[in-house]
Colleague: 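Just passing along the structure, written as structure tokens.
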Amino acid sequence: MSEHIPTRRAVKAVIPAAGLATRFLPATKAVPKELLPVVDRPVLQYIVEEAAAAGIRDILLITGRGKTSMVDHFDRQPYLEQRLKEKGDIERLAAVREPAELAEIYTCRQAEPLGLGHAVSYAESHVGGEPFAVLLGDEFMDEEDPLLPAMLDLQAREGGIVLAFIEVPREEVKRYGIASVEPTGTPDVVRVTGLVEKPDPAETPSNLAVVGRYILPAGIFDAVRRIKPGSGGELQLTDAMALMLEEGAPVHGIVYRGVRYDTGLPLGYLQAVVQLACKRPDLGPEFSQWLADFVREG
Ligand code: G1P
């Protein structure tokens with residue numbers, strides 16, 4: 001299996017962000033869900049910050065129609081910057097510049113939303129035969145408890161595919177890719193023996209759910225070409241990974257014990273806003289106090 005052992009850590013990431021976000025309509029009719037604010041930064045900025053903090057500064061954003069404003073967020077804004085400079089608002093000036101300084105953003109359009117595997121396959125020429133990270137555009141991890149560096153290190157050591165898991169209640173397995181695993185001897189690092197997309201709770205092999213962080217070898221592109229539409233009639237990334245696993249690629253996973261913010265559903269989005277607002281040094285103390293009073297008084 002020596003073809004699966006890479007020589008260097010992945011340095012590029014792909015963020016699939018072409019979805020229609022029907023769960024957030026009408027808010028997402030003209031605003032991409034990836035730009036919904038969590039306190040005062042859009043979701044997508046947290047994701048790009050997570051990649052940058054792990055040393056990834058080359059990011060390919062897979063976009064769709066009506067979503068070009070995502071790219072504008074990572075561009076400079078000379079007029080706005082000039083106005084803030086004139087006013088001496090140094091703090092806001094830095095905040096406006098920060099997204100453009102985080103990473104190099106490249107884009108590519110997914111012409112039709114045919115599934116996550118299909119979206120990722122657009123990255124083939126950009127990643128150029130090297131392993132790469134995939135970060136889904138609606139979830140991010142606690143910055144104080146990073147996940148990506150450990151995944152990148154594991155992939156550089158073991159090759160193949162590296163996934164991350166959380167334990168979910170059995171009735172929630174139908175929202176996720178689910179893995180069967182065996183221990184490796186290292187706590188919270190597992191060897192994956194099977195993968196299935198959105199199983200029925202009665203037939204699930206476990207309650208270990210794949211979260212939206214993947215380190216993939218370039219072989220995934222060929223695997224996507226060889227799968228048929230799966231769950232929801234879409235070309236599923238999980239099915240392409242399962243095919244590589246079946247054909248002998250090593251697949252490892254890290255069980256993540258930190259806080260994962262899932263902004264893909266209104267409830268998770270609201271939870272993320274409240275949790276991160278409470279953590280903010282400037283807003284947190286006052287907001288937490290108000291929240292406690294509000295909850296107590298109903
Ligand atoms: C996607 C993947 C699924 C994974 C999930 C994580 O599903 O297909 O395997 O568990 O992301 O959030 P989606 O949420 O796009 O339906």
Side-chain angles (χ1 to χ4, degrees), residues 13-24 28 32-34 36 43-44 46-47 50 61-64 67 110 112-123 133-142 147-148 151 161-181 190 192 194-201 203-216 220 223-224 227-245 251-256 258-269 271-272:
V14 176
I15 303 182
L20 295 174
T22 48
R23 287 155 181 161
F24 281 92
T28 48
K33 75 169 170 178
E34 294 80 5
L36 294 178
V43 172
L44 189 56
Y46 287 88
I47 296 169
E50 186 179 327
L61 199 57
I62 313 286
T63 71
K67 300 187 87 172
Q110 185 185 16
E112 286 174 278
L114 299 181
L116 183 56
H118 178 251
V120 169
S121 71
Y122 277 84
V134 173
L135 285 74
L136 297 193
D138 52 15
E139 55 188 287
F140 54 94
M141 310 300 152
D142 181 4
L147 166 65
L148 217 43
M151 294 179 72
I161 296 172
V162 171
L163 302 174
F165 302 115
I166 52 168
E167 287 166 352
V168 297
R170 223 149 246 270
E171 61 278 11
E172 283 182 23
V173 296
K174 55 183 182 296
R175 283 181 42 205
Y176 295 96
I178 300 292
S180 31
V181 304
V190 291
V192 176
L195 281 168
V196 53
E197 180 69 7
K198 303 193 171 82
D200 192 284
E203 287 162 15
T204 189
S206 81
N207 69 337
L208 280 181
V210 174
V211 299
R213 297 293 178 270
Y214 309 77
I215 317 293
L216 300 172
I220 196 72
V224 172
I227 56 166
K228 302 248 167 331
S231 167
E234 296 185 339
L235 287 175
Q236 295 291 351
L237 184 60
T238 302
D239 295 344
M241 296 190 301
L243 178 60
M244 290 188 75
L245 174 67
V251 183
H252 291 86
I254 295 179
V255 183
Y256 183 61
V259 179
R260 164 181 174 261
Y261 300 102
D262 180 2
T263 61
L265 291 171
L267 180 64
Y269 171 75
Q271 288 165 339

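For ligands, and for the atoms within them, numbers begin at 1 and follow the listed sequence.
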Colleague: For atom 9 (O) of ligand 1, what is the nearest protein heavy atom, given as residue, atom name and distance?
Modeller: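 That would be Glu197 OE1, 2.7 Å.
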Colleague: State the atoms of ligand 1, each with its element, that fall below the 4.0 Å cut-off from a heavy-atom position in Gly177.
Modeller: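 Near Gly177, meaning under 4.0 Å from one of its heavy atoms, ligand 1 has 3 (C), 4 (C), 9 (O), 10 (O).
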Colleague: Of Val196, Leu208, Val168, which is the lone residue that meets side chain to side chain contact (heavy atoms under 4.5 Å, CB included) with Val173?
Modeller: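 Among Val196, Leu208, Val168, the one meeting side chain to side chain contact (heavy atoms under 4.5 Å, CB included) with Val173 is Val168.
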Colleague: Could a heavy atom of Leu136 be found less than 4.0 Å from some atom of ligand 1?
Modeller: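 The answer is yes, since Leu136 has a heavy atom less than 4.0 Å from ligand 1.
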Colleague: Name the orientation class of the two ring planes belonging to Tyr46 and Phe140 (parallel below 30°, tilted from 30 to 60°, perpendicular beyond 60°).
Modeller: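 Correct class here is parallel.
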Colleague: Atom 10 (O) of ligand 1: which protein heavy atom is closest, and how many Å away?
Modeller: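 Checked against all protein heavy atoms, atom 10 (O) of ligand 1 sits closest to Val210 O, 2.6 Å.
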Colleague: Mark the output for Arg260 as yes if a heavy-atom distance to ligand 1 is under 4.0 Å, and as no if none is.
Modeller: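 Yes.
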Colleague: Do Arg175 and Asp262 sit within salt-bridge range, that is, some charged N less than 4.0 Å from a carboxylate O?
Modeller: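 Yes, this pair counts.
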Colleague: Starting at CD of Gln110, measure out to CG of Leu116 and round the result to the nearest 0.5 Å.
Modeller: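 Gln110 atom CD to Leu116 atom CG measures 8.5 Å (nearest 0.5 Å).
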Colleague: Number the atoms of ligand 1 from 1 as they appear, then name those within less than 4.0 Å of a heavy atom of Thr238, with their elements.
Modeller: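 Contacts of ligand 1 toward Thr238, numbered from 1: 9 (O).
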Colleague: Considering the heavy atoms of Gln236, write down every atom of ligand 1 situated less than 4.0 Å from one of them.
Modeller: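 Those qualifying, in numeric order: 8 (O).
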Colleague: Can a donor-acceptor pair be found, under 3.5 Å and without considering hydrogens, that links the side chain of Glu50 to the backbone of Met141?
Modeller: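 At least one qualifying donor-acceptor pair exists.
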Colleague: Partners of Glu139 by salt bridge (charged side-chain N to carboxylate O under 4.0 Å, His left out), sequence neighbours excluded?
Modeller: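 If we apply the salt bridge (charged side-chain N to carboxylate O under 4.0 Å, His left out) test to Glu139, skipping adjacent residues, the hits are Arg260.
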Colleague: Could you list which atoms of ligand 1 come closer than 4.0 Å to a heavy atom of Glu139?
Modeller: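 Listed by number with element, the hits are 6 (C), 12 (O).
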Colleague: Is the closest side-chain donor-acceptor distance between His118 and Glu234 under 3.5 Å?
Modeller: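 No - no donor-acceptor pair under 3.5 Å links their side chains.
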Colleague: Determine, considering heavy atoms only, which of Arg175, Lys198, Met241 sits nearest to atom 16 (O) of ligand 1.
Modeller: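 The option holding the nearest heavy atom is Lys198.
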Colleague: Are any of the N/O atoms in Tyr176 less than 3.5 Å from those in ligand 1?
Modeller: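 No; every N/O pair is 3.5 Å or more apart.
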Colleague: Does the protein put any heavy atom within less than 4.0 Å of atom 13 (P) of ligand 1?
Modeller: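 Given the 4.0 Å limit, the answer for atom 13 (P) of ligand 1 is yes, a protein heavy atom qualifies.
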Colleague: Taking both backbone and side-chain atoms of Val211, is any N or O found less than 3.5 Å from an N or O belonging to ligand 1?
Modeller: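 No; every N/O pair is 3.5 Å or more apart.
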Colleague: Return yes if a side-chain donor-acceptor contact under 3.5 Å exists between Glu197 and Ser231, otherwise no.
Modeller: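 No donor-acceptor contact under 3.5 Å links the two side chains.
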